[in-house]
Amino acid sequence: MVDWLEDLNQEQKEAVFQTDGPLLILAGAGSGKTRVIAYRIAYLIQRRGVPPNSILAVTFTNKAAGEMKQRVESLIGKSITGMWIGTFHSVCARILRIEAEKLNLKPNFLIMDENDSEHLIKEAQKALDLRTTLGKPAGLRERISSLKNNLISPQEYLSSMASSQSERSFALLYEKYQELLRVNNALDFDDLLFFTVQLFRIDPLTLEKFQGHFKYVMVDEFQDINSPQYEIVKLVSWKSRNLCAVGDDYQAIYSWRGADVRYLLENFERDFPEAKIIRMERNYRSGPAILDAANEVISRITRGKEKRLWSTKPDQHPPLVRYQAQDQIDEARFVAKEIERVCLEEGRTWKDFAVLYRTNSQSRVFEEVFMSRRIPFQVVGGLRFYERREVKDAVSLLAFLVNPLSEAHLRRILSWIGGIGPSTMEKATESGLPLWEGLLQLEELGGLKKPAHQALQKILSLIEYFRNEKEKQGLTELFRNLLERSGYLEFWQSQGTLEAQNRVENVKELLNLSRQLEEEYPGLSSEEFLSHLSLYTDLDALDEEKDAVLLMTVHSAKGLEFPFVFLTGLEEGVFPHWRSASPTELDEERRLCYVAITRAQNRVYFTWARNRLYFGNWVQSEVSRFLREIPEEFFPGSPPISGEEYLEGKRVLHSAWGEGVVKEVEGSGEDTIIEVFFPTVGRKRLILKYAPITILD
DNA sequence: TTCCCGCGGATTTTT
DNA sequence: TCCGCGGGAA
């Protein structure tokens with residue numbers, strides 16, 4: 001047998017062999033921590049004979065979980081089944097489905113996304129007549145979310161924290177929202193964690209059961225866990241003491257979601273004082289220049305221990321490049337051209353490049369420019385797949401049939417089926433009945449007009465069909481039939497527009513996904529499929545085989561690596577973001593920048609745009625402090641970072657006068673005037689902002 | 001019930 | 001600039 005354990009360095013080996021008792025691995029960026037976890041699991045299973053189903057491994061994305069599993073399988077040379085591996089949310093969903101009745105939940109509960117939540121909050125506002133006083137649903141949802149992430153129930157908030165009148169109203173709203181979730185047989189993302197903690201707290205026997213079950217617990221990205229997550233991990237591994245936490249405080253970037261790095265740095269050692277601590281500070285990913293640049297940025301955080309990664313990997317040349325763009329289009333063109341050039345001259349392919357930005361909205365320009373230059377790309381995030389209207393409509397169909405209590409899904413179905421509008425719904429719920437039952441009652445009393453009657457009959461026949469066929473057909477087949485019988489695909493197809501066509505494609509993609517999942521988990525039920533879907537992210541959908549440039553936010557890039565990284569939009573206000581102005585928030589922006597830089601194996605490009613279109617008007621920007629802090633000598637040969645003359649000598653293409661060369665530049669920003677020599681018409685003065693020109697090089 | 005128009009707000013980051 | 005929502009009219 002080939003001894004795969006020999007591939008590890010000293011600290012890594014130590015981390016793998018130290019299987020019993022609490023273990024804290026402080027692992028810097030690129031130090032091979034994911035590898036260590038995979039080897040550790042493989043070691044437990046193969047050399048220590050630990051059954052896979054007594055291992056719990058928590059990763060940051062479902063995709064990471066899938067990859068981890070594959071990695072373990074390839075190490076031990078056979079497939080493994082039954083291991084608990086996934087995100088906190090998916091693991092909790094699995095636990096809650098098993099133990100549902102102990103919390104008076106139904107095992108087929110649905111998981112609501114933010115959009116659904118906000119609709120429910122709106123409803124709660126309406127019901128309590130608090131529409132105008134409390135604020136917008138989005139903000140309220142965030143407040144509720146942060147309470148849940150601090151394990152505060154509506155009752156607790158009401159009795160011990162709400163002091164003002166408006167806080168009391170808010171508490172009632174929170175309570176009402178929970179009630180509506182329950183009526184809809186649904187949980188939101190935060191409930192998955194919160195309810196799991198509650199389950200363990202109110203039912204010691206169940207807790208003991210899981211404590212006995214999970215002999216080994218491993219948690220990746222421990223710096224980004226929040227209170228309920230820490231509580232779950234702590235409770236579950238309290239007996240076995242075999243908890244392995246892996247994290248890096250420099251990469252804590254989710255505090256806005258309730259994550260607190262102190263769980264890694266303080267609580268772990270306090271709650272598990274016998275813990276062994278291993279530090280992994282050797283970086284295998286990048287050369288020293290990239291690490292030095294990252295260190296320039298991170299060393300200025302106001303809080304945090306001093307630490308420095310080291311690497312013996314030689315720098316690739318040049319390791320760092322800086323570019324000052326005229327505007328966001330120029331920035332995108334530079335990125336596009338540079339990618340084309342490196343592909344050609346350095347023998348690279350599209351998938352060696354990642355374009356990172358602070359906010360999703362920045363992806364748009366890159367998409368447009370890449371599209372026009374035929375550069376294949378994949379965008380991660382933004383409008384998530386399952387948040388698209390057609391996907392939600394299609395899913396609602398299945399969700400309602402699985403769970404007719406779900407009013408939100410019924411409403412969605414009614415919205416495209418037609419025939420039943422607000423007034424009919426109003427009438428149906430007048431007597432206090434749930435919407436669906438109210439409609440049935442109206443039907444019985446003959447109180448429905450013809451279109452409404454037809455719509456209802458259609459839904460009833462679908463329910464009938466679903467009930468009869470559920471057991472006989474596989475999930476995908478059933479789903480496909482439902483989509484056809486309900487007329488949903490036809491609803492779009494009949495519109496004939498390009499957009500409608502696209503929507504049909506997306507629905508088909510959904511069917512593909514269902515088939516894929518069914519292959520992976522034979523006998524997959526509708527409930528399980530829905531659960532997967534709501535916890536499914538764009539990152540999980542990422543196709544690594546596809547040769548395409550990746551576009552994503554810095555947050556999404558956590559845990560990934562690329563030969564070439566473009567860190568874009570390095571402007572004050574964009575990155576660091578203007579909403580993160582307090583010292584703690586700025587620290588987090590810094591860590592975010594550190595994460596971005598340390599993604600790169602060979603080279604980082606730092607780009608910024610002097611002017612940016614923001615909400616439809618042009619604003620002038622200043623270079624980001626993060627870029628300014630990286631000393632000049634890190635960029636030998638790169639043009640100076642400020643100065644107006646960068647346009648001089650460049651070739652431009654004018655829509656009427658053809659190609660010309662910039663001779664002089666006056667002013668800056670919006671007022672920039674350039675003098676260009678055109679062979680066709682001679683020297684011309686142009687206001688840069690208005691001139692119909694493209695910069696060619 | 002549905003369609004169309006006008007207005008206001010949006011952009012932080014994600015499970 | 002773009003999107004979603006609410007109001008009003010057919």
Side-chain angles (χ1 to χ4, degrees), chain A residues 58-65 86-93 111-115 117-119 122 131 136-139 141-142 145 148-149 187-194 221 224-226 228-229 252-259 356-365 380-384 386-387 389 414-426 448-452 454-455 531-540 552-559 569 573-581 585-586 588-589 591-593 595-596 612-619:
Chain A
V58 183
T59 56
F60 204 69
T61 63
N62 291 303
K63 186 182 175 60
T87 60
F88 271 107
H89 290 83
S90 60
V91 167
C92 288
I111 301 165
M112 284 209 165
D113 66 23
E114 287 174 5
N115 235 315
S117 293
E118 280 166 29
H119 277 283
K122 230 187 235 176
R131 285 207 71 158
K136 281 172 291 182
R141 202 212 69 242
E142 254 174 51
S145 172
K148 287 182 181 176
N149 283 329
L187 271 65
D188 67 19
F189 285 138
D190 305 314
D191 286 339
L192 293 172
L193 308 174
F194 192 3
E221 310 284 7
D224 278 325
I225 70 173
N226 63 20
Q229 291 170 337
I253 55 175
Y254 281 94
S255 69
W256 49 274
R257 182 169 106 177
L356 307 184
Y357 36 76
R358 178 65 177 81
T359 66
N360 280 305
S361 60
Q362 287 166 256
S363 75
R364 195 145 163 180
V365 194
V380 177
L383 186 62
R384 279 183 262 311
Y386 70 91
E387 280 174 4
R389 186 188 152 184
L414 294 176
S415 75
W416 61 264
I417 238 173
I420 296 174
S423 64
T424 313
M425 289 194 223
E426 183 81 9
L448 289 180
K449 298 210 179 72
K450 199 164 178 214
Q454 279 175 345
S531 185
H532 263 281
L533 207 58
S534 37
L535 297 175
Y536 187 84
T537 68
D538 249 36
L539 214 49
D540 301 325
M552 67 179 98
T553 62
V554 181
H555 280 92
S556 296
K558 183 171 93 157
V574 177
F575 196 6
H577 198 270
W578 58 276
R579 294 282 291 263
S580 303
E585 287 170 321
L586 265 169
E588 182 141 318
E589 297 284 308
R591 292 191 295 264
L592 197 53
C593 188
V595 167
R612 190 173 285 275
L613 198 59
Y614 207 69
F615 289 142
N617 39 16
W618 286 98
V619 284

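Each chain gets a letter, A, B and so on, in the order its sequence line appears, and its residues count up from 1.
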Please answer whether B/dT13 and A/W256 are stacked, defined here as ring centres separated by less than 5.5 Å and planes angled under 30°.
yes
Could you work out which one of [options] sits closest to the side chain of [X]?
X: A/S361; options: B/dT12, B/dT14, B/dT11; result: B/dT11
X: A/H555; options: B/dT15, B/dT13, B/dT11; result: B/dT13
X: A/R579; options: B/dT13, B/dT12, B/dT15; result: B/dT12
X: A/K122; options: B/dT11, B/dT13, C/dC5; result: C/dC5
X: A/E589; options: B/dT12, B/dT15, B/dT11; result: B/dT12

Might you point out which heavy atoms bring A/T87 and A/N62 nearest each other, and give the distance in Å?
CG2-N, 3.6 Å
Please report the closest heavy-atom contact between A/V554 and A/L592, naming both atoms and the distance.
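Heavy-atom minimum between the residues: CG1-O, 3.2 Å.
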Consider only side-chain N and O atoms of A/T359 and A/Q362, and report whether a donor and an acceptor are under 3.5 Å apart.
yes
Atom pair distance, as rounded to whole Å: [atom1] in [X] and [atom2] in [N]:
X: A/L187; N: B/dT15; atom1: CG; atom2: P; answer: 18 Å
X: A/Y254; N: B/dT12; atom1: OH; atom2: C1'; answer: 12 Å
X: A/N360; N: C/dC3; atom1: CG; atom2: C1'; answer: 16 Å
X: A/W578; N: B/dA10; atom1: CH2; atom2: P; answer: 9 Å
X: A/D224; N: B/dT15; atom1: CG; atom2: P; answer: 12 Å
X: A/R364; N: C/dC3; atom1: CZ; atom2: P; answer: 6 Å
X: A/I253; N: B/dT13; atom1: CD1; atom2: P; answer: 13 Å
X: A/R591; N: B/dT12; atom1: CZ; atom2: C1'; answer: 15 Å

Categorize [X] for me: base, sugar-phosphate, or nothing, with a 4.0 angstrom heavy-atom threshold over every strand shown.
X: A/T424; result: sugar-phosphate
X: A/K136; result: sugar-phosphate
X: A/S556; result: sugar-phosphate

Would you kindly check whether a donor in the side chain of A/H89 faces an acceptor in the base of B/dT15, or vice versa, at under 3.5 angstrom?
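Present.
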Classify the side chain of A/Y614 and the base of B/dT11 as holding, or not holding, a donor-acceptor pair under 3.5 Å.
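For A/Y614, whose side chain was compared with the base of B/dT11, there is a donor-acceptor pair (under 3.5 Å).
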Should the pair A/Y254 and A/F60 be assigned to parallel (<30°), tilted (30 to 60°) or perpendicular (>60°) ring geometry?
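Answer is tilted, since the angle falls between 30° and 60°.
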With nearest nucleotide decided by heavy atoms, which residue, A/R358 or A/L193, maps closer to the 5′ end of DNA chain B?
A/R358
Using heavy-atom distances to pick each residue's nearest nucleotide on DNA chain B, tell me which of A/S415 and A/L535 is more 5'.
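Closest to the 5' end, via its nearest nucleotide, is A/S415.
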Is there side-chain contact between A/V58 and A/I225, with heavy atoms separated by less than 4.5 Å?
no
Pair A/R141 + A/D188: basic N to acidic O under 4.0 Å:
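Salt bridge flag = no for A/D188 with A/R141.
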Check whether any side-chain nitrogen or oxygen of A/T553 sits under 4.0 Å from OP1 or OP2 of B/dT14, and answer yes or no.
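Looking at the OP1 and OP2 atoms of B/dT14, one of them is under 4.0 Å from a side-chain N or O of A/T553.
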